[in-house]
Number of protein chains: 2
Amino acid sequence: MRTPTGAGQRTATLSDVARLAGVSIATASKALNGRRQVKAETRAKVIDAAERLSFSPNALARGLLAGRTGTVGLLTSDLEGRFSIPILMGAEDAFGSGRTSVFLCDARGDAIREQHHVRALLSRRVDGLIVVGARPDPRASLGPDLPVPVVYAYAPSESADDLSLVSDNVGGGRMAVEHLIACGRRRIAHIGGDPTYGAARDRTVGVLGALADAGLELAGGKPFYGTWSEAWGRGATRMLLEQTPDVDAIFAGSDQIARGVLDALHELGRDVPRDVAVVGFDNWEAMAANARPPLTSIDIRLEHLGRIAAQRLAAAIDGEPTSGTEVLPCRLITRGSTAPQT
Amino acid sequence: MRTPTGAGQRTATLSDVARLAGVSIATASKALNGRRQVKAETRAKVIDAAERLSFSPNALARGLLAGRTGTVGLLTSDLEGRFSIPILMGAEDAFGSGRTSVFLCDARGDAIREQHHVRALLSRRVDGLIVVGARPDPRASLGPDLPVPVVYAYAPSESADDLSLVSDNVGGGRMAVEHLIACGRRRIAHIGGDPTYGAARDRTVGVLGALADAGLELAGGKPFYGTWSEAWGRGATRMLLEQTPDVDAIFAGSDQIARGVLDALHELGRDVPRDVAVVGFDNWEAMAANARPPLTSIDIRLEHLGRIAAQRLAAAIDGEPTSGTEVLPCRLITRGSTAPQT
DNA sequence: TTGTAGGCGTTATCAA
DNA sequence: TTGATAACGCCTACAA
């Protein structure tokens, strides 16, 4: 039976349960919340009644009283969700089985919309906020005056008073090159992404560090910067091979760039990984795993980032705030595009 | 100044505002809510006080009273968010500026977890639910007894009593083939995805319909089914061209498959679009726009789907429920992989 | 035009 | 062991 509102049965309240069980509201509450000041028999009666009415406590009323809602806001600006979704999933995981739910709001890179969402979330009395930036560069802080703790993930806050969690792009770049060196490569080039991104420059820093440690120089003489696209990966590769034909490895600034690199190498008749090894960045499964050959890539572990963000936020909500920027390590995922040189 | 909890200032309540403005709580409420039974001067005083305290009404208290929370649950099972994120964005759009916020929960294809999330959402007293399935095949209904309206998007409910919104896969397949015919192609083949997906089979139905209308037959004699992967696109294309070398168009069941098709055609020395035109499905921007040449694709308009879902849900919440399955049309996005034959 | 009072559904305190 | 009662923050009759 449906009511005219399109909804099923009206939700039962605690007083319905109490009435059905023949006890007071207070007793029903205690019974359901596992308080021990209630006779086992009574408790059973109440629980039975609650089940029969499929009672579910009103979190609003509860939150009103407790001053906590078990609710967290995730504010993103990442249109496609490529970054925020894994972060969200990690966060959901860490918050554990349903004690905390997540409001996801997309500001679409618009400051006005962001303010708007912040207000909406605060009026819903979220216990805290996770802010995921549109790109991994520092972004404006939401300010120090919010009534709830905030964790910035992926993109750090510009303010050192905030807590920010970011991926270790320097370490990631280093890791890629160290892997290539371990595979026996010596003529290693780097085709980076958009140089206006700090992440692109950081990765280069790692690249140069690892090369220096091994007493090597960057093949091609300098990093190549362009855009985060396959087209750039193709173009840069052609340019690179023309001027430096003896390259035996290319570290690409993203998996999309790497796809372009693979394409161009294929066209130029270079075998991957025999002639040239390739490493990507992001470990974007759909891109990396379906490449030919499958692409070795640096995984920035966004789910892990989300998990840590949730942990830090939970700690802050419980009165143990932290601040500063935490840099989380990347991870190498080895696939067919690199292989030890025999 | 930070309190020890890591949070900024405590949030002001209506009574704080009232006290600062020197009026009663009731008057403050009326003033802020635009009731006209209040002197302009008083109203100004109250509004000023509210701003000074950066007062924001407690949505919990409000919802408790009103029986509505301005909150909706979006329950997905789509690990990567490729489908649910656009749907979410469309829904957010339609719900408009912040009157309604969306809880996003990912059940990860696990029925237990889904039940769990449903309970959590209901206890938070969401006004309604949008359920996005993991794949576009019918899925189990959440049941008729929920206290709030539900809209199934992308994957329909198995129950006709529910309201479901799905993409028109038959129409999409037809649209792809009609476009190819309009481009002057006559030897059109279809490389589909996983045949256990109703969507894969539906697209074929559309293909065959369009061909029949034009008095054509499917090149290759039958649709090729496999998996939703680039590798399958490559393999199937080789197989197809071996047995039917005169193919002049391929409609792929997904953009990933289409990428594989393009790859294989390139290797086999067939020019796209001159020798063979290619159409994909999904209009997955990252895949389609970066393909070489850029891929014409059928867009299933997920944001639009989300927008309609939100509208239907809002209507149901306002007491105008609907049921049955609504089939939403696709859209053709033309790019370089098809072109009128000259 | 303003203020008083009751109630939304819970939980916690205290008395019975 | 149980039950009455007072919050939580807001809105809305109704009374002043």
#### Entry: Qualifying salt bridge (Lys or Arg N to Asp or Glu O under 4.0 Å) pairs with a residue from residues 150-159 of chain B, counting only residues at least two apart or across chains
none
### Task
Using the test side chain to side chain donor-acceptor pair (under 3.5 Å), find all partners of A/R82 that sit at least two apart in sequence or belong to another chain.
A/D282
### Query
So which pairs with a foot in residues 128-163 of chain A pass ring-ring contact (aromatic ring centres under 6.0 Å, His included), sequence neighbours left out?
A/F83-A/Y154
### Boundaries of the DNA chain C segment in contact with chain B, non-hydrogen, under 4.0 Å
C/dT1 to C/dG9
### Sequence-distant partners of B/R139, salt bridge (Lys or Arg N to Asp or Glu O under 4.0 Å), two or more places apart
B/E114
### Summary
Applying side chain to side chain donor-acceptor pair (under 3.5 Å) to B/T27 and not counting sequence neighbours gives B/S24
### Message
Taking salt bridge (Lys or Arg N to Asp or Glu O under 4.0 Å) as the cut-off, I'd like each qualifying pair that reaches into residues 12-39 of chain A, sequence neighbours left out, listed once.
### Response
A/R10-A/D16, A/D16-A/R19
### Query
Which ones in residues 12-20 of chain B lie close to DNA chain D, meaning a heavy atom under 4.0 Å from one of its atoms?
B/T13, B/L14
Would you tabulate the nitrogen or oxygen pairs shorter than 3.5 Å linking the protein to nucleotides 1-7 of chain D?
residue : atom : partner : partner atom : Å
D/dT2   : OP1  : A/T42   : OG1          : 2.4
D/dT2   : OP2  : A/K39   : N            : 2.9
D/dT2   : OP2  : A/T42   : OG1          : 3.4
D/dG3   : OP2  : A/S24   : N            : 2.9
D/dG3   : OP2  : A/S24   : OG           : 3.3
D/dG3   : OP2  : A/T27   : OG1          : 2.7
D/dG3   : N7   : A/K30   : NZ           : 3.3
D/dG3   : O6   : A/K30   : NZ           : 2.4

### Residue pairs involving residues 23-44 of chain A (criterion ring-ring contact (aromatic ring centres under 6.0 Å, His included); sequence neighbours excluded)
none
## Note on the structure
To the nearest 10 degrees, the angle between the two end axes of the helix from C/dT1-D/dA16 to C/dA16-D/dT1 (five pairs per end) comes to 50°
### Pair listing, side-chain hydrogen bond (donor to acceptor under 3.5 Å, both in side chains) test, anchored in residues 103-113 of chain A, at least two apart
A/R108-B/D93
